[in-house]
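Worksheet for the structure shown next.
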Amino acid sequence: MPELPEVETTLRGVEPYLKNTKITQVTIRHFSLRWPIDQHLAEIITGQTIHRLYRRAKYLLLECDSGTLIIHLGMSGRLRVLEASDTMSPEKHDHFDMTVANGYLLRYTDPRRFGAILWTESPIDQHPLFAHLGPEPLTASFNTAYLFTKSKTRRCSTKTLIMDGKIVVGVGNIYANEALFSAQIHPKTMVNQLTEDECERLTNSIKNILAQAIKAGGTTLKDFRKSDGKPGYFAQELSVYGRQGKACIRCGSNIEHYKEAQRATFYCPTCQKLK
DNA sequence: AGTATCTCCTGCGTGC
DNA sequence: TGCACGCAGGAGATAC
């Protein structure tokens with residue numbers, strides 16, 4: 001499932017093919033994603049030039065002449081660049097194709113349709129999806145002092161805190177589990193119990209794990225433009241996620257798991273003591 | 001206003 | 001072989 005590193009990897013993969021190119025054709029086969037795709041999207045963006053591609057949280061943003069195309073991969077979404085002249089016929093879940101003037105085609109595939117393709121002509125910061133987002137985890141504005149301050153005004157578990165997009169964006173379930181393990185903090189720790197030192201460890205863990213994953217994802221970039229349907233995602237080495245019953249890589253204890261807020265949560269009962 | 005729960009969807013694994 | 005079922009999860013919407 002695409003988390004921030006996968007979205008960043010996707011961005012870096014498609015950017016060289018799309019930047020400063022004109023959109024020549026748009027085909028939408030399934031308008032019903034998380035939100036319906038604008039019925040007029042094809043006619044709106046055809047003929048526009050993509051000036052810049054960037055990422056905010058897990059959204060991919062394609063800045064065009066008169067607005068921005070917002071793409072979210074949801075749970076199962078994927079973007080591929082194909083050669084427009086040699087494009088294999090679309091399959092069941094290939095919902096959206098965008099051909100650009102240099103001969104490439106961007107194809108959006110999403111079996112579960114939790115993703116989104118939206119168009120806005122407002123500044124992104126004013127869009128309702130973006131107006132209340134917290135800082136990017138890999139920037140300096142996400143730091144120990146910030147997290148410590150936020151932890152004192154909230155009443156929730158640490159896992160819930162770091163998965164809240166208003167606090168910090170881009171930390172999904174897998175990396176939340178991994179960051180808490182790395183920082184040796186029990187996921188259920190109430191945030192008002194967190195010490196400044198724990199906030200420092202957690203901040204550093206989140207940054208390190210995401211940065212490592214992005215770096216690892218970069219190794220797949222050379223294979224990004226493929227027509228065989230291989231995703232651009234990388235095989236991530238996970239320390240706790242999905243490892244219930246297996247030995248903790250640090251101390252050998254059995255990894256335990258439970259559900260928190262409907263999400264699978266994994267931790268080492270020895271390394272991550274609840275206070 | 002802050003927090004917890006619900007919801008969208010399909011593919012996959014499991015049990016009968 | 002096939003069916004029913006439960007599960008997975010991002011994050012906005014909804015209900016407290």
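Numbered from 1 within each chain, the chains take letters A, B, ... in sequence-line order.
Remark: the backbone N or O of A:Thr160 is not paired with any side-chain donor or acceptor of A:Asp164 at under 3.5 angstrom. Judged purely by atom type and a 3.5 angstrom limit, A:Lys152 uses its side chain to pair as donor or acceptor with the backbone of A:Asn192. With hydrogens and angles disregarded, a donor-acceptor distance shorter than 3.5 Å links the side chain of A:Lys207 to the backbone of A:Thr139.
At whole-Å resolution of the value, CG in A:Leu73 and P in B:dC9 are 19 Å apart. Distance A:Phe266 CZ to C:dA8 C1': 10 Å, rounded to the nearest Å. Whole-Å rounding puts the A:Glu91 CD to B:dT10 P distance at 17 Å. Remark: C1' of C:dG10 and NE2 of A:His132 are 18 Å apart, rounded to the nearest angstrom. Atom CZ of A:Arg112 and atom P of B:dC9 are 13 Å apart (whole Å).
Residues passing the salt bridge (Lys or Arg N to Asp or Glu O under 4.0 Å) test with A:Glu198, sequence neighbours excluded: A:Lys275. Remark: A:Glu256 pairs with A:Tyr267, A:Pro269 by the side-chain contact (heavy atoms from CB on, under 4.5 Å) rule, at least two apart or across chains. In terms of the ring pair (Phe, Tyr, Trp, His ring centres under 6.0 Å) criterion, A:Tyr108 has no residue partners (sequence neighbours excluded). Remark: A:Tyr54 engages no residue in a ring pair (Phe, Tyr, Trp, His ring centres under 6.0 Å) (not counting sequence neighbours). Every residue meeting the salt bridge (Lys or Arg N to Asp or Glu O under 4.0 Å) condition with A:Lys58, not counting sequence neighbours, appears here in chain and number order: A:Glu3. For A:Arg29, the salt bridge (Lys or Arg N to Asp or Glu O under 4.0 Å) partners at least two apart in sequence or on another chain are A:Asp97.
Counting all heavy atoms, side chain and backbone alike, A:Pro187 lies closest to A:Ser157 at O-CB, 3.4 Å.
Residues A:Ile37 and A:His95 form no side-chain contact, since every pair of their non-hydrogen atoms from C-beta on lies 4.5 Å or further apart. Taking 4.5 Å as the limit, some side-chain heavy atom of A:Lys159 sits within range of a side-chain heavy atom of A:Asn177.
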Original post:
Can you check side chain to side chain contact (heavy atoms under 4.5 Å, CB included) on A:Ile167 and A:Leu147, steps first, answer last?
Top reply: CA-CA 8 Å; A:Ile167 301 295; A:Leu147 192 65; 4.0 Å; yes

Sub-3.5 Å pairs of nitrogen or oxygen atoms, protein against nucleotides 11-15 of chain C:
{"from": "C:dA11", "atom 1": "OP1", "to": "A:His72", "atom 2": "NE2", "distance (Å)": "2.8"}
{"from": "C:dA11", "atom 1": "N6", "to": "A:Arg263", "atom 2": "NH2", "distance (Å)": "2.8"}
{"from": "C:dG12", "atom 1": "OP1", "to": "A:Tyr59", "atom 2": "OH", "distance (Å)": "3.1"}
{"from": "C:dG12", "atom 1": "O4'", "to": "A:Arg34", "atom 2": "NH2", "distance (Å)": "2.8"}

Listed pairs, N/O of protein and of nucleotides 1-5 of chain B, under 3.5 Å:
{"from": "B:dT3", "atom 1": "OP1", "to": "A:Arg155", "atom 2": "N", "distance (Å)": "2.2"}
{"from": "B:dT3", "atom 1": "OP1", "to": "A:Arg155", "atom 2": "O", "distance (Å)": "3.4"}
{"from": "B:dT3", "atom 1": "OP2", "to": "A:Arg154", "atom 2": "NE", "distance (Å)": "2.3"}
{"from": "B:dT3", "atom 1": "OP2", "to": "A:Arg154", "atom 2": "NH2", "distance (Å)": "3.3"}

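For the helix from B:dG2-C:dC16 to B:dC16-C:dG2, the angle separating the two terminal helix axes comes to 50°, with each axis derived from five pairs and the value rounded to 10°.
Side-chain contact of A:Asp94 with A:His30: a donor-acceptor pair under 3.5 Å is absent, judged by distance alone.
Looking at residues 113-122 of chain A, you'll see A:Arg113, A:Phe114 sit with a heavy atom under 4.0 Å from some atom of DNA chain B.
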Original post:
Where along nucleotides 2-7 of chain C does protein come under 4.0 Å, by heavy atom, of base (B) or sugar-phosphate alone (S), with - for untouched nucleotides?
Top reply: ------

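Screening residues 112-161 of chain A for ring-ring contact (aromatic ring centres under 6.0 Å, His included), with sequence neighbours left out, gives A:Tyr59-A:Phe130, A:His127-A:Phe130.
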